[in-house]
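Chain identifiers are assigned alphabetically (A, B, ...) following the order of the sequence lines, protein sequences preceding nucleic acid strands; residue numbering begins at 1 within each chain.
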2 protein chains.
Amino acid sequence: MAERSSERVRIADVAREAGVSKASVSFAFNRPERLSPETVARIHAVAERLGYRPHPVARMLSAGSTATIGILSPQALGTVLANPFFALFAEGVASVAEERGFGLLLISPHHGSLERALARATVDGIVALGLDERHPEVGAIRRTGLPVVLVDAPAWPEHGAVRVDDEGGARAAAEHLLGLGHRSFLVIAVEPPTFGDPRAESVAGARLRGYRSALTGAGIDLPDSAVRIAPATIAGGEDAFLRAWREGSRPTAVLCMSDAAAAGVLQAARSLHLHVPDDLSVVGYDDLPLTRLTDPPLTTVHQPVRRKGEVAARILLAALGTPAGPEAGRHEVLETRLAVRRSTAAAPGGRRMEVIASA
Amino acid sequence: MAERSSERVRIADVAREAGVSKASVSFAFNRPERLSPETVARIHAVAERLGYRPHPVARMLSAGSTATIGILSPQALGTVLANPFFALFAEGVASVAEERGFGLLLISPHHGSLERALARATVDGIVALGLDERHPEVGAIRRTGLPVVLVDAPAWPEHGAVRVDDEGGARAAAEHLLGLGHRSFLVIAVEPPTFGDPRAESVAGARLRGYRSALTGAGIDLPDSAVRIAPATIAGGEDAFLRAWREGSRPTAVLCMSDAAAAGVLQAARSLHLHVPDDLSVVGYDDLPLTRLTDPPLTTVHQPVRRKGEVAARILLAALGTPAGPEAGRHEVLETRLAVRRSTAAAPGGRRMEVIASA
DNA sequence: AGCGTCCGCTGAACCGGTTTACGGAAGGAC
DNA sequence: GTCCTTCCGTAAACCGGTTCAGCGGACGCT
């Protein structure tokens with residue numbers, strides 16, 4: 001880099017060439033009213049001729065701020081970007097950051113370590129998505145002293161947080177199916193549902209609690225065997241449903257904690273010659289754009305993903321402006337609601353359909 | 001920020017507390033072999049107790065590099081992230097950056113100006129996606145002196161570039177439809193097709209050239225009125241097709257330059273009670289994951305989007321390592337191929353279907 | 001003429017690290 | 001006992017900007 005930096009035109013070069021001090025060059029760009037118009041013009045002319053561009057890192061250092069916020073993901077970017085949920089969320093964060101003149105850095109584990117990644121992250125604050133409280137490096141993150149807004153994760157008292165009413169949304173989904181006469185359910189969960197701890201704050205835990213509370217209210221028990229954990233991908237949902245089916249599970253309704261998994265269930269159902277929604281009802285979660293592409297369009301629990309990103313960014317930026325301001329530690333819970341489309345219908349009547357199982 | 005920086009533990013604080021010089025503290029972290037083990041241990045202990053974390057910006061400044069690369073998008077992130085194509089591409093870039101220990105900054109116009117955005121971007125190099133040669137700020141970008149890899153855009157001789165065989169892919173799509181007996185086509189193009197200039201290097205221009213060369217080879221003329229420009233979104237494709245239909249266009253096959261638009265055409269067709277593929281064949285472009293969700297699954301031109309991102313990142317990182325290395329200015333063209341699924345079929349026979357037009 | 005103000009500009013400190021050049025002490029060779 | 005290394009550690013320069021305090025000259029006022 002010695003080479004590149006020797007090529008680079010520095011402020012001192014401009015100053016020398018224009019016959020002024022470094023300070024004047026700086027003022028010419030940042031506070032031209034402090035200089036005479038002629039001097040400003042001359043400095044600008046020289047700078048232009050030399051192709052001078054202030055070094056952004058040096059500027060950051062003396063400014064004491066980076067004008068950049070980070071989106072922190074505990075998973076590798078190489079995988080998380082594939083998730084349409086993440087892209088949509090990032091879209092929300094980005095739109096607010098952009099509007100307020102902030103840059104956006106994507107932060108993911110550096111050789112497996114979030115701490116290392118944080119050590120090199122030049123940001124003023126962080127939006128952390130889905131950071132599990134038991135993540136081994138939360139301590140390191142808190143110690144950075146950077147303002148953080150937690151999204152879809154257990155809140156830290158001193159920091160902002162945004163989540164949605166996961167439990168309510170899940171309950172609404174289950175109640176919708178109960179209302180259609182379903183009595184036999186399969187749940188396709190996402191990662192850590194923390195069965196043991198009913199107070200768990202993880203997204204999966206809250207959703208499961210929502211499903212259960214509705215079902216229990218209707219006198220239906222949801223055994224652990226009816227809860228399958230699968231990655232939130234099409235393939236994940238497909239595999240999980242096929243496996244459950246193969247093991248003899250014959251639900252009339254499937255509650256999925258992600259739209260991607262629900263889309264996978266749709267495909268699995270097709271391969272089993274099950275007709276959705278006549279033979280099988282399927283509900284997703286998140287309401288991503290892909291729910292309108294599936295056949296049939298997916299009934300799902302809507303959550304304002306993009307807005308979640310916007311709100312998180314807004315809280316973070318507020319905290320940056322006034323670290324002790326009223327917004328700084330705000331905890332916001334956004335609403336969820338059921339979006340009924342065409343993947344759900346009345347439970348198949350008493351008569352059981354003849355079905356060709358694939359295996 | 002004065003407040004935050006006064007809280008922050010600096011290297012000088014650690015040095016004072018440990019009774020050593022700043023240099024020793026620095027060595028303790030970066031080159032511990034230069035100090036005695038006891039001193040290193042003592043410094044580490046003090047640093048730990050005080051919660052010292054080296055300031056990443058200061059480190060960057062003296063290191064002369066940022067260990068970060070940027071993805072530059074001429075459009076606002078708030079819109080571009082919504083595009084699954086972008087997310088997939090970014091995934092490729094990110095995976096390579098991650099593996100090589102580089103951070104990822106998203107760069108988009110700052111209050112409308114790419115130049116301003118670049119001025120604040122702390123990156124060592126840039127992957128520029130879809131940067132039109134006529135963009136008013138290309139000059140500014142070149143002048144930054146940063147290494148750039150151009151993707152899906154006219155190449156600059158001194159910089160790396162990656163693109164795909166857009167023309168060949170388009171030709172294959174058109175030939176596939178010709179082979180199925182289609183004679184009447186509609187093209188849904190994306191942004192600037194640069195009709196005028198057949199040598200235009202824009203993606204849309206190349207794809208259009210591909211379509212035309214196949215059709216001309218079969219003696220079919222594609223009038224400009226059969227080329228509709230629409231945003232690469234579901235709604236964009238839907239609207240464009242509906243409008244064309246309303247204006248009397250009755251193609252048997254639609255060539256779309258994006259999968260999203262193709263998915264929109266599928267929906268439009270459904271609303272017009274056209275059956276795909278029996279009444280209408282539809283071909284997309286890009287082969288995004290969503291092509292497997294549509295009903296029917298979409299025949300499309302595959303391009304290795306993720307790999308495109310990987311290759312771009314690799315060329316860029318190579319250029320960073322050795323600015324004049326053999327990789328630095330590499331221009332790579334990746335392959336495309338047709339992925340035939342179920343949205344294309346033989347053209348409806350001589351007998352024209354009875355169709356209920358919606359308007 | 002003497003004094004106070006304001007204007008335009010500058011020197012130097014500062015942001016927070018890294019790195020180079022060097023000095024003192026300890027150890028080994030002769 | 002002297003000289004040469006080696007080992008530890010430090011002072012100071014450096015990265016490239018921003019900004020504060022202050023200085024000299026021009027101008028206006030009395």
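Separating the CZ atom of A:Arg59 from the C1' atom of C:dC15 is a distance of 15 Å, rounded to the nearest angstrom. In this structure, the CZ atom of A:Arg120 is 16 Å from the P atom of C:dG17, given to the nearest Å. Note: CG (A:Asp13) to C1' (D:dG17) measures 13 Å, nearest angstrom. Going from atom CZ of A:Phe27 over to atom C1' of D:dG22 covers 12 Å, rounded to whole Å. Taking atom CG on B:Leu35 and atom P on D:dT6, their separation rounds to 19 Å, with Å as the unit. Put simply, CD on A:Glu38 is 11 Å from C1' on C:dG8, counting in whole angstrom units. A:Lys22 has its NZ atom 12 Å from the C1' atom of C:dC15, to the nearest Å. In this entry the distance linking CG of A:Asp124 with C1' of C:dC15 reads 14 Å, nearest Å.
Counting any heavy atom pair closer than 4.0 Å across all strands shown, A:Ser36 reaches sugar-phosphate atoms only and no base atom. Using a 4.0 Å heavy-atom cutoff across all strands shown, A:Val57 reaches no nucleic acid atom at all. Residue-level contact check: A:Leu61 touches the bases, meaning some heavy atom is under 4.0 Å from a base atom. The residue B:Phe29 sits apart from the nucleic acid: no heavy atom pair falls under 4.0 Å. Here B:Arg31 lies out of heavy-atom contact (under 4.0 Å) with every strand.
Between B:Ser62 and B:Arg42, the residue whose closest nucleotide on DNA chain D is further toward the 5' end is B:Arg42. Comparing A:Ala58 and A:Ser21, the nucleotide of DNA chain C nearest to each residue sits closer to the 5' end for A:Ser21.
Here the nucleotide nearest the side chain of B:Ile11, chosen from D:dA12, C:dT18, C:dT10, is C:dT18. Candidate nucleotides D:dG17, C:dT19, C:dC9 were compared by shortest atom distance to the side chain of A:Thr39, and C:dC9 ranks first. Of the candidates C:dG17, C:dG8, D:dG16, D:dG16 carries the atom nearest the A:His55 side chain, counting heavy atoms from C-beta on.
No side-chain donor-acceptor contact under 3.5 Å links B:Gln75 and B:Ser108.
No donor-acceptor contact under 3.5 Å links the side chain of B:Arg10 to the base of C:dG17.
Taking every heavy atom of both residues into account, B:Ile107 and B:Ala117 meet most closely at CG2-CB, 4.0 Å. Annotation for A:Ile315 and A:Gly160: closest pair CG2-CA, 4.2 Å, computed over non-hydrogen atoms.
In this structure, B:Tyr52 reaches the C:dG17 phosphate: one of its side-chain N or O atoms is under 4.0 Å from OP1 or OP2. The side chain of A:Ser24 places an N or O atom within less than 4.0 Å of a non-bridging phosphate oxygen (OP1 or OP2) of C:dT10.
One N or O on the side chain of B:Asp13 and one on the backbone of B:Arg10 form a donor-acceptor pair closer than 3.5 Å. The closest donor-acceptor contact from the side chain of B:Thr66 to the backbone of B:Asp124 lies under 3.5 Å.
Ion pairing between A:Arg142 and A:Glu158 holds under the 4.0 Å rule for side-chain N and carboxylate O.
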